[in-house]
Amino acid sequence: MNPYSSLCDDFGVYVHLNTKMELPSGRETVLHFFDSIRKTYPQMTDFECRDNGEFVLEEDREQGTYRWVTLESRRIGSGYVNPPDLETVDAQHQHVLELAPYHLDFSTLDCEALDVLFAFPLVWNFNLGDGFIVGDT
């Protein structure tokens with residue numbers, strides 16, 4: 001159960017570290033990085049290389065709550081959908097951000113921005129006089 005279950009069906013916390021330069025994309029480097037993450041989170045078993053060159057490691061989405069980590073050309077992403085609590089999310093993001101400089105060979109000079117996103121898919125209603133319009137975001 002997510003901490004915002006009374007407000008929405010799903011909830012997620014995502015972190016994206018944007019870099020100024022390209023991140024490594026070599027097979028050995030990428031696999032070593034994701035293997036290190038998987039040692040801490042062994043449920044993350046779904047690995048994929050997408051057509052756009054993005055690498056993704058995630059848990060089974062069918063469970064309703066799942067983690068994911070992405071490696072793009074200039075961005076590292078970490079997310080947790082429907083986490084049990086925010087401390088668990090913070091621990092995951094901290095772990096990924098601590099591992100990344102050692103495995104992906106970048107420093108603070110290369111960091112452009114760190115984005116944190118709280119995601120709430122909400123249903124909204126507008127009263128337009130005679131009736132309601134229901135939307136989905």
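Side chains included, hydrogens not; waters and symmetry mates left out as well; all remaining heavy atoms used. The residues of the chain are indexed from 1 along the displayed sequence.
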#### Entry: Stepwise side-chain contact (heavy atoms from CB on, under 4.5 Å) check, Thr40 with Leu99
CA-CA 11 Å; Thr40 304; Leu99 284 178; 5.6 Å; no

### In one Ile/Leu/Val/Met/Phe/Trp/Tyr side-chain cluster, 4.5 Å: Leu17, Val116
yes

### Task
Only counting residues at least two apart or in another chain, list the ones meeting side-chain hydrogen bond (donor to acceptor under 3.5 Å, both in side chains) with His103.
His32, Ser36

### Query
Would Leu117 end up clustered with Val96 when hydrophobic side chains under 4.5 Å apart are linked, directly or stepwise?
no

### Summary
Closest heavy-atom pair, Ile76 versus Ala100, reported as atoms and distance to 0.1 Å, is CD1-CB, 3.7 Å

### Message
Please say yes or no: joined through hydrophobic side-chain contacts below 4.5 Å, possibly via intermediate residues, are Phe33 and Tyr102 part of one cluster?
### Response
no

### Test side-chain contact (heavy atoms from CB on, under 4.5 Å) applied to Leu57 and Tyr41, step by step
CA-CA 10 Å; Leu57 178 67; Tyr41 305 107; over 6 Å; no

### Query
Does the Gln92 side chain pair with the main chain of Gly79, one donor and one acceptor, at a distance under 3.5 Å?
yes

### Message
Does any part of the side chain of Leu104, heavy atoms only, come nearer than 4.5 Å to the side chain of Leu71, both counted from C-beta?
### Response
yes

### Task
With sequence neighbours excluded, tell me which residues meet side-chain hydrogen bond (donor to acceptor under 3.5 Å, both in side chains) with Asp60.
Gln63

### Summary
Nearest heavy-atom contact between Leu23 and Phe106 is CD2-CD2, 3.9 Å

#### Entry: Residue pairs, two or more places apart or on separate chains, that pass salt bridge (charged side-chain N to carboxylate O under 4.0 Å, His left out) and touch residues 17-38
Asp35-Arg38

### Student check: side-chain heavy atoms of Phe118 and Phe11 closer than 4.5 Å
yes

#### Entry: Polar side-chain atom of Thr19 near backbone of Arg74 as donor-acceptor pair, under 3.5 Å
yes

### Task
Show the numbers, then the answer: is there a side-chain contact (heavy atoms from CB on, under 4.5 Å) between Val30 and Phe47?
CA-CA 11 Å; Val30 169; Phe47 179 73; 4.1 Å; yes

### Task
Determine yes or no for a side-chain-to-main-chain donor-acceptor pair under 3.5 angstrom, with Asn18 supplying the side chain and Glu112 the backbone.
no

### Query
Hey, mind stepping through Val13 and His93 against side-chain contact (heavy atoms from CB on, under 4.5 Å) and telling me if it holds?
CA-CA 9 Å; Val13 181; His93 295 323; 3.8 Å; yes

#### Entry: side-chain hydrogen bond (donor to acceptor under 3.5 Å, both in side chains) against Glu98, all qualifying residues, sequence neighbours excluded
Gln94

### Message
Treating Thr65 as the side-chain partner and Val81 as the backbone partner, does any N or O pair qualify as donor plus acceptor under 3.5 Å?
### Response
yes

### Message
By the definition ring pair (Phe, Tyr, Trp, His ring centres under 6.0 Å), identify the one residue from Phe55, Tyr80, Tyr14 that meets it with Trp68.
### Response
Tyr14

### Task
Apply side-chain hydrogen bond (donor to acceptor under 3.5 Å, both in side chains) to Thr88 and list each qualifying residue two or more places apart in sequence or on a separate chain.
Asp85

### Query
According to a 4.5 Å side-chain heavy-atom criterion applied to Ile, Leu, Val, Met, Phe, Trp and Tyr, with indirect links allowed, do Tyr66 and Met44 form part of one hydrophobic cluster?
no

### Query
Under 6.0 Å from the CG atom of Asp105, do we count more than 12 heavy atoms belonging to anything else shown?
no

### Query
What residue pairs, at least two apart or across chains, pass salt bridge (charged side-chain N to carboxylate O under 4.0 Å, His left out) with a residue in residues 43-56?
Glu48-Arg50, Arg50-Glu54

